[in-house]
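Presented below is the structure to which this report refers.
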Amino acid sequence: MTEIFTTRVRDIISSIPPGRVMTYGLVASRAGNRSGARQVARILHSSSEKYDLPWHRVMNRDGKISLPRGGGYEQQKELLEQEGIVFGGNGCIDLEEYLWPANNCF
DNA sequence: CTCGTGACTCCCG
DNA sequence: TCGGGAGCCACGA
């Protein structure tokens with residue numbers, strides 16, 4: 001548990017299996033900072049490509065995509081659908097159904 | 001080194 | 001019920 005926040009975030013996100021998702025706050029919480037949700041988003045921005053992180057499996061607390069339409073929203077939605085995740089009419093998914101219980105992993 | 005910003009979340013009015 | 005403000009920390013310039 002001596003890893004730094006960034007490293008843990010990367011590890012956690014990379015541990016999310018296909019067809020599952022996690023929220024920023026949850027990842028941050030798992031990494032040690034429940035208030036680090038913003039950093040998770042920033043890390044994703046900075047390291048998603050470098051470390052090949054499944055950024056599309058990370059969404060906000062509402063089970064919705066935080067990205068605006070045309071700003072990556074459609075891309076994330078498509079990637080998630082490819083993994084079997086179904087979106088509701090409001091563009092939200094069932095977190096109860098797809099949320100990755102990473103808590104058990106530890 | 002310092003400053004600014006951000007794909008969030010929670011609490012209070 | 002809904003909106004606004006504050007908190008938090010890392011990364012890039």
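Proteins come first, then strands; the chains are lettered A, B, ... in the order of their sequence lines, and each starts at number 1. Any value given below was found using the heavy atoms of this structure, including those in side chains, with hydrogens, waters and symmetry copies removed. Here the structure is a predicted model, which is why all the values come from computation and not from measurement.
- Atom C1' of nucleotide B:dA7 and atom CD of A:Q75 are separated by 12 Å, given to the nearest angstrom.
- A donor-acceptor contact shorter than 3.5 Å links the side chain of A:Q76 to the backbone of A:V58.
- In this entry the distance linking CZ of A:F5 with P of C:dG7 reads 18 Å, nearest Å.
- The CD-P distance, from A:E74 to B:dA7, rounds to 18 Å in whole Å.
- Between the C1' atom of B:dG4 and the CD atom of A:Q39 lies a distance of 13 Å, rounded to the nearest Å.
- Taking atom OH on A:Y24 and atom C1' on B:dC10, their separation rounds to 17 Å, with Å as the unit.
- The side chain of A:R42 sits closest to B:dG6 out of B:dG6, B:dA7, B:dC8.
- No donor-acceptor pair under 3.5 Å is formed between the side chain of A:S46 and the backbone N or O of A:I43.
- Between A:N90 and A:K64 the shortest heavy-atom distance is O-CD, 4.2 Å.
- Rounded to whole Å, atom C1' of B:dA7 lies 14 Å from atom CG of A:L79.
- In this structure, of C:dC11, B:dC8, C:dA10, it is C:dC11 that holds the atom nearest to the side chain of A:S46.
- Between the A:N33 side chain and the A:S35 main chain, no donor and acceptor come within less than 3.5 Å of each other.
- Here the side chain of A:R34 is nearest to one of B:dG4, B:dC10, B:dC8, namely B:dC10.
- In plain terms, the two heavy atoms of A:W55 and A:S48 that are nearest each other are CD1-CB, 4.0 Å.
- The phosphate of C:dC9 (OP1 or OP2) has no side-chain N or O of A:S35 nearer than 4.0 angstrom.
- The backbone N or O of A:V86 lies less than 3.5 Å from a partner atom in the side chain of A:Y98, making a donor-acceptor pair.
- Residue A:Y24 comes nearest to A:S66 through the heavy atom pair CE1-OG, 3.7 Å, listed as atom of the first residue, atom of the second, then distance.
- In this structure a side-chain-to-backbone donor-acceptor pair under 3.5 Å is present from A:T23 to A:L26.
- Within residues 51-66 of chain A, the residues approaching DNA chain B are A:W55, A:N60, A:R61, A:S66, by heavy-atom distance under 4.0 Å.
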Distances for protein N or O near nucleotides 4-6 of chain C N or O, under 3.5 Å:
none

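- Taking atom CG of A:L44 as the reference point, atom P of C:dA10 lies 16 Å away to the nearest angstrom.
- Between A:I43 atom CD1 and B:dC8 atom C1' the separation is 13 Å, expressed in whole Å.
- Side-chain atoms of A:N60 come within 3.5 Å of backbone atoms of A:D62 as a donor-acceptor pair (strictly under, hydrogens ignored).
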